[in-house]
Amino acid sequence: MQMSESYFVPEVIHLEHTLENGQCFRWRKISEGHYLGVVHGMVLEAKQMEEGTLLTPMDEELFQRVFYDYFGFGRDLLRRQDALAQKDPWLKIAVDYCRGLSILKQDPWETLITFILSQNNHIPRIRSLVEKLAVLRGPKLTYRGNQLPDRQEEFYGFPTPSELENVTEEELRTLGFGYRAGYVVDAVQKVLAGEVDLEKVVGLPLHGGREELKRIKGVGNKVADCVLLFGYGFQEAFPVDVWVLRALERFYCKEIEEAGSREAFIKEYFGGEGGLAQQMLFHTLRNGMYP
DNA sequence: GCCCAGGCACTCA
DNA sequence: TGAGTGCCTGGG
């Protein structure tokens with residue numbers, strides 16, 4: 001396999017709105033519409049094209065096997081967003097702003113640790129902590145892209161539970177993880193011991209998956225829902241953080257009252273598009289696009 | 001230099 | 001069942 005080749009995907013997802021909306025932390029912008037990321041144990045470039053998306057290095061087989069799902073291709077994204085825009089003026093504003101924002105389907109383990117680290121943190125700091133963990137125990141990667149030949153840096157994949165087996169809370173605290181250090185260690189131990197089964201979550205209903213993940217220290221409703229949405233692809237998962245809470249209270253106050261509870265409203269109103277709607281409302285509000 | 005962030009766990013009513 | 005509070009830290 002000649003892995004310095006590029007692969008063109010004839011389907012548009014909006015890379016900026018997709019990779020810079022806080023669902024992932026290992027992509028960074030190289031230039032306008034051009035991103036470099038460490039994903040699934042490889043260094044990958046993604047370029048926004050007018051009629052699609054260019055991935056490097058990539059071939060058909062790898063794309064179909066891993067990255068088709070990862071990026072959320074083939075999910076009829078634009079039509080679904082246009083349908084959401086018809087529901088109310090708030091969603092209309094969101095879709096106008098970030099049409100093409102795709103919900104990634106990332107590695108569940110990486111997503112779990114990443115969102116454990118996200119609590120009480122700004123995005124730049126989350127990125128820095130995830131990077132530190134990768135450098136600490138992750139595999140060193142060889143960069144094989146052909147578009148940034150002068151790039152001289154080292155890349156590390158995200159470490160597996162086994163690779164993190166002997167990591168200690170003290171070690172992580174030294175690196176600046178704070179009280180989350182213990183949460184990471186707990187996740188490693190419970191997953192390695194089989195006490196929490198990340199594979200099993202795939203086949204569970206939303207609520208069951210949530211409860212399984214919440215057995216790990218430091219995982220509450222919000223983190224669990226982020227993992228279910230961004231890591232497992234539960235499209236109805238609707239993580240409620242402070243921003244989304246603000247949006248719900250501002251836009252849907254009356255409807256929530258009528259539905260009886262916030263959870264009931266979310267389920268009835270957004271249904272299987274909860275995740276997509278949530279992330280677009282979040283991204284649009286956070287970027288100050290609501291008057 | 002200080003503040004506070006995309007939460008969670010624990011306590012107490 | 002819900003409100004109040006402590007927790008680590010460094011980027012902005």
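Lettering follows sequence order; numbering is per chain, from 1. Both backbone and side-chain heavy atoms feed into the values below; hydrogens, waters and symmetry mates do not.
Between F73(A) and F63(A), the ring centre distance stays below 6.0 Å.
Spacing between atom CZ of R215(A) and atom P of dA9(B) amounts to 14 Å, rounded to whole angstrom units. To the nearest angstrom, P of dC10(B) lies 13 Å from NZ of K214(A). Summarising the geometry, the separation between CG on N221(A) and P on dC8(B) is reported as 7 Å, rounded to the nearest angstrom. Rounded to whole Å, atom C1' of dC7(C) lies 16 Å from atom CG of D186(A). Note: CG (L248(A)) to P (dG6(B)) measures 17 Å, nearest angstrom. Remark: C1' of dG11(C) and CG of L129(A) are 12 Å apart, rounded to the nearest angstrom. Going from atom CG of L117(A) over to atom C1' of dG11(C) covers 16 Å, rounded to whole Å. Following rounding to the nearest Å, R210(A) (CZ) and dC8(B) (C1') show an atom-to-atom distance of 14 Å.
Interatomic distance, L285(A) CG to L281(A) CG, rounded to the nearest 0.5 Å: 8.0 Å.
Of all nucleotides listed (dG11(C), dG6(B), dC7(C)), dC7(C) comes nearest to the side chain of Y179(A). Of the candidate nucleotides dG11(C), dC8(C), dG7(B), dG7(B) has the atom lying nearest to any side-chain atom of V242(A). In this structure, the nucleotide among dA9(B), dG6(B), dC8(C) sitting nearest to the side chain of R173(A) is dC8(C).
Among the heavy atoms of the strands, none lies under 4.0 Å from D225(A). Backbone-only contact: V219(A) has heavy atoms under 4.0 Å from sugar-phosphate atoms and none from a base. Heavy atoms of G22(A) sit under 4.0 angstrom from at least one base atom.
Atom P of dC8(C) sits at a distance of 15 Å from the matching atom of dT11(B), rounded to the whole Å. Taking atom C1' in both dT5(C) and dC4(B), the straight-line distance is 15 Å, to the nearest Å. With both ends at atom P, the span from dC3(B) to dG6(C) equals 16 Å, rounded to whole Å.
Here the side chains of Y97(A) and Y290(A) are not in contact, with every heavy-atom distance at 4.5 Å or above. With contacts defined as side-chain heavy-atom distances shorter than 4.5 Å, the pair F270(A)/L276(A) does not qualify. F238(A) has its side chain out of reach of D225(A): every pair of non-hydrogen atoms, C-beta onward, lies at least 4.5 Å apart. Side chains of L198(A) and L213(A) form a contact here, defined as non-hydrogen atoms less than 4.5 Å apart.
For the pair K217(A) and P239(A), nearest-nucleotide mapping onto DNA chain B gives the more 5' position to P239(A). Taking for each of F177(A) and P124(A) the nucleotide of DNA chain C with the nearest heavy atom, the 5'-most of the two is the partner of F177(A). Each of D241(A) and Y183(A) has a nearest nucleotide on DNA chain B; the 5'-most of these lies closest to D241(A). Residue-to-nucleotide proximity on DNA chain C shows that, of S128(A) and Q119(A), the 5′-proximal contact is made by Q119(A).
Residues E110(A) and Q106(A) have side chains that never bring a donor and an acceptor to within less than 3.5 angstrom of each other. There is a side-chain donor-acceptor pair under 3.5 Å between H34(A) and E45(A). Side-chain contact annotation: E169(A) with Y179(A), donor-acceptor N/O pair under 3.5 Å absent.
No continuous path of ILVMFWY side-chain contacts below 4.5 Å connects V135(A) to L133(A), so the two sit in separate hydrophobic clusters.
Stacking of K87(A) on the aromatic ring of Y269(A) is recorded, both the 6.0 Å distance cut-off and the 45° axial limit being met.
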Using nucleotides 3-5 of chain B, report all nitrogen or oxygen pairs with the protein that are shorter than 3.5 Å.
| from | atom 1 | to | atom 2 | distance (Å) |
| --- | --- | --- | --- | --- |
| dA5(B) | O4' | H122(A) | NE2 | 3.0 |
| dA5(B) | N3 | N120(A) | O | 3.1 |

Checklist line | Strand DNA chain B as a dot-bracket string - pairs counted if Watson-Crick or G-U with both distances under 3.5 Å, | where the partner lies in another strand | finding: .||||.|||||||

